[in-house]
Amino acid sequence: MPDPTPLSLLTDFGLDDPYVGMMKAAILLRTSNVNLIDITHSSPPQDIVRAAILLFDSYRYFPTGTVHLIVVDPGVGSNRHILAAECEGYRFVAPDNGLIDPILRCSSASAVYYVQPEKIGIDAYTATFHGRDIMAPVAAELAKGKMLSQVGIKTHEWVKLDLPFAKEVNGEILGSILYADHFGNLITNIRPFDLEHGDIRLHEVEIEVAGTILKGIWHTYTDVQPGELCAVINSCNRLEIACRQSSALAHLNVEEHDPVIVRRRSDT
Amino acid sequence: MPDPTPLSLLTDFGLDDPYVGMMKAAILLRTSNVNLIDITHSSPPQDIVRAAILLFDSYRYFPTGTVHLIVVDPGVGSNRHILAAECEGYRFVAPDNGLIDPILRCSSASAVYYVQPEKIGIDAYTATFHGRDIMAPVAAELAKGKMLSQVGIKTHEWVKLDLPFAKEVNGEILGSILYADHFGNLITNIRPFDLEHGDIRLHEVEIEVAGTILKGIWHTYTDVQPGELCAVINSCNRLEIACRQSSALAHLNVEEHDPVIVRRRSDT
Amino acid sequence: MPDPTPLSLLTDFGLDDPYVGMMKAAILLRTSNVNLIDITHSSPPQDIVRAAILLFDSYRYFPTGTVHLIVVDPGVGSNRHILAAECEGYRFVAPDNGLIDPILRCSSASAVYYVQPEKIGIDAYTATFHGRDIMAPVAAELAKGKMLSQVGIKTHEWVKLDLPFAKEVNGEILGSILYADHFGNLITNIRPFDLEHGDIRLHEVEIEVAGTILKGIWHTYTDVQPGELCAVINSCNRLEIACRQSSALAHLNVEEHDPVIVRRRSDT
């Protein structure tokens, strides 16, 4: 038997209901030779942008060959398509609602297919749970080695997603808070690339967030004192506002989408 | 080595404590050739009815041969029995408190055994965690291929469970809300079978819940407008009250056990 | 292929973010022949004592040979070491902040190494996520069969942890509440060993907690009436205050660290 194929799952199902287990059961019905890895099932209900960001920040840490199954599907049962795609050596199965658009956009060599359930022997399915009834089986077939062409028909169209990118205005980088993580770290949409673009060096900047000014971008949390706020470039290559041994979310009066501004320090 | 056996877990342990991990460790002590799949560990503490419903709605999506291990066990350490059972090609291990009764009842060809721990070499166990010390090892032995007769003694007795079934009264179907899922969808105990029994067609009915009347049963959520309430037959074959792109729970002032009534539309 | 190696994970990452999934992905990059088992990811953020207790209470239920990967790492990016250790047939990978000290202390035959990432080909890593970038790869290499000496350099130093042990004062055992579990059971730091030491028999004691006196230590929850408080020796060999079919936490006005006193019953 060949090595098991990694198959990741990212949904908005939560863990209280049996939905994730049912989806994994549907995978096991077609193959037992998979390593099922949960990215998260706590993406906010029906929030396509958040799930797209979580996927974008995670997918490349998996071995190439991994099948990523992403189900945030407010349009289930409508005439929206289901996508099976290949990009950078990874396979993706997701509803066609923008979830995997940020990844497809970054690559010139992606292949995108509309899933045709009948190609893998699916004649009947419920109207409200295509994750279990269509997408999990498709992911399982890809994990078993089926080609994209064996699960669907090629397309060059897919739903695009407007992600909230940071932008440069008058030499300042205008970004925003995407979300707060479990530690209360504030994850932003500002990336090292944005900063270089603005020709700003990390120690020469100040960051404005919620009326507070933070001086410089540090290497790691322990560069500041316990309880002190700091900005770092985090492990997903994003500007992050943290508070050493505490929660930045608890220290700052902020919400998702609130602005974060990076500019040259006024005191240098 | 043969294909790994699927082994599902459904408990009320939550995920904050190490109890689920310990139970899986106890399985791995006896076999590594299993695919462990969590159905959920968030069944409400010591709520046998809820766990029985979650299991009933989930078990058949797994491959036949799956061992289902269900531990909601308020009677642990008392003289209650532990069951090992086979039904419809599935195996079940659970305390004898009604958890698997709804499944056993639906089948004429089930085999039910009282577990005898000494049969699989268990001489000592704690008084408060039979899930880890007895049931997980039994499930592991069944996954390895042991027969029910090798882990216990045959019985025809087991604890019955009073599930809240819907009933027909004067041509109306009287049901109730079982629980709200992660999306705020209200899961009821009314099934298509109940409706046919009442000789009602789906588009000709109205549903009364929390003082609100919903017209018709729809195919899927996207058949109504965003923010609008709708009734559908869900992916587990239950009548469900949903709210498109929102939460029906947040829109209706309802609780578990509240009545749901289906009747012929007054306007047709 | 040999049997898959059990590899447990215990972190304070929570399950809402993709961090746990990324760490598992990093393991799969080096080996697919592992059984990944979550102990918990809900250890309170940056609380080393709690994680050390959860690990101490869990690790021995796993098969020997298991690699335990523990990441609660407030000092990430600083000059703190990372440990790889072997003890009682188990392997451990964790930051050197006391997490595995209670286990190492209990054994005379442990081997402890400072991890040297370059030994397993890691030249670059982020400053804020050594769990993914260093510790997960080290754990994977140990699971594949590498020796400790192949991932680091031997040491006899490691950070010690002050655990809140119970003590005997004037024939009374003075302990405290470590935490409340998912069921509202109050887990204490008092162990049967402490009681024997004080020459007290289980049915002859009374337990004082939050101004309430409980008579005797019972065998199991069902020895008392539903809704009644009781003390038991739990499945992890700790004195536990429980409430049958309910939550002791909800019945007593207590917090973590509150005192629990065991003494000879005044009425015998």
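Just so we're on the same page: letters track the sequence lines, and every chain starts at 1.
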Contacting moiety of A/Leu9, where chain C heavy atoms sit under 4.5 Å: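 Neither; nothing under 4.5 Å.
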Please flag which part of A/Ile187 lies under 4.5 Å from any non-hydrogen atom of chain C: side chain, backbone, both or neither.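 Interface part for A/Ile187: side chain.
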Has the side chain of A/Ser235 got a donor or acceptor atom that lies under 3.5 Å from a matching backbone atom of C/Thr126?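 No, because the side chain of A/Ser235 does not come within donor-acceptor range (under 3.5 Å) of the backbone of C/Thr126.
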Under the criterion side chain to side chain contact (heavy atoms under 4.5 Å, CB included), I'd like the reasoning laid out for A/Phe183 against C/Asp12: C-alpha separation, chi angles, the key distance, then a yes or no. CA-CA 9 Å; A/Phe183 296 97; C/Asp12 62 349; 3.5 Å; yes
Side chain / backbone / both / neither for C/Ile27 at chain A, heavy atoms under 4.5 Å: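 The answer is neither part of C/Ile27.
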Can you say whether C/Tyr125 sits under 4.5 Å from chain A via the side chain, the backbone, both, or neither, judging by heavy atoms?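 No part of it gets close to chain A.
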Nearest 0.5 angstrom please: C/Leu29 CG to A/Thr66 OG1, how far?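 Nearest 0.5 Å value for the CG-OG1 distance: 7.5 Å.
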[X] atom [atom1], over 12 foreign heavy atoms within 6.0 Å:
{"X": "A/Trp218", "atom1": "CH2", "value": "no"}
{"X": "C/Glu118", "atom1": "CD", "value": "yes"}
{"X": "A/Glu88", "atom1": "CD", "value": "yes"}

Residue by residue, which of residues 37-62 of chain A have a heavy atom closer than 4.5 Å to a heavy atom belonging to chain C?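 Within residues 37-62 of chain A, the residues under 4.5 Å from chain C are A/Ile37, A/Asp38, A/Ile39, A/Thr40, A/Ser42, A/Leu54, A/Asp57, A/Ser58, A/Tyr61, A/Phe62.
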Between A/Asn35 and C/Ser32, which heavy-atom pair has the shortest distance, and what is it?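 Of all heavy-atom pairs spanning A/Asn35 and C/Ser32, the closest is ND2-O, 3.3 Å.
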Least distance between heavy atoms, C/Ser78 atom then A/Thr222 atom: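 Closest pair (atom of C/Ser78, atom of A/Thr222, distance): CB-OG1, 3.4 Å.
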Under a 4.5 Å cutoff for heavy-atom pairs, which residue among C/Arg132, C/Arg30, C/Arg80 has the most contacts with chain A?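 Of the options given, most contacts go to C/Arg132.
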Can you find a heavy atom in the side chain of C/Asp17 that is under 4.5 Å from one in the side chain of A/His182?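 SC-SC contact between C/Asp17 and A/His182 confirmed.
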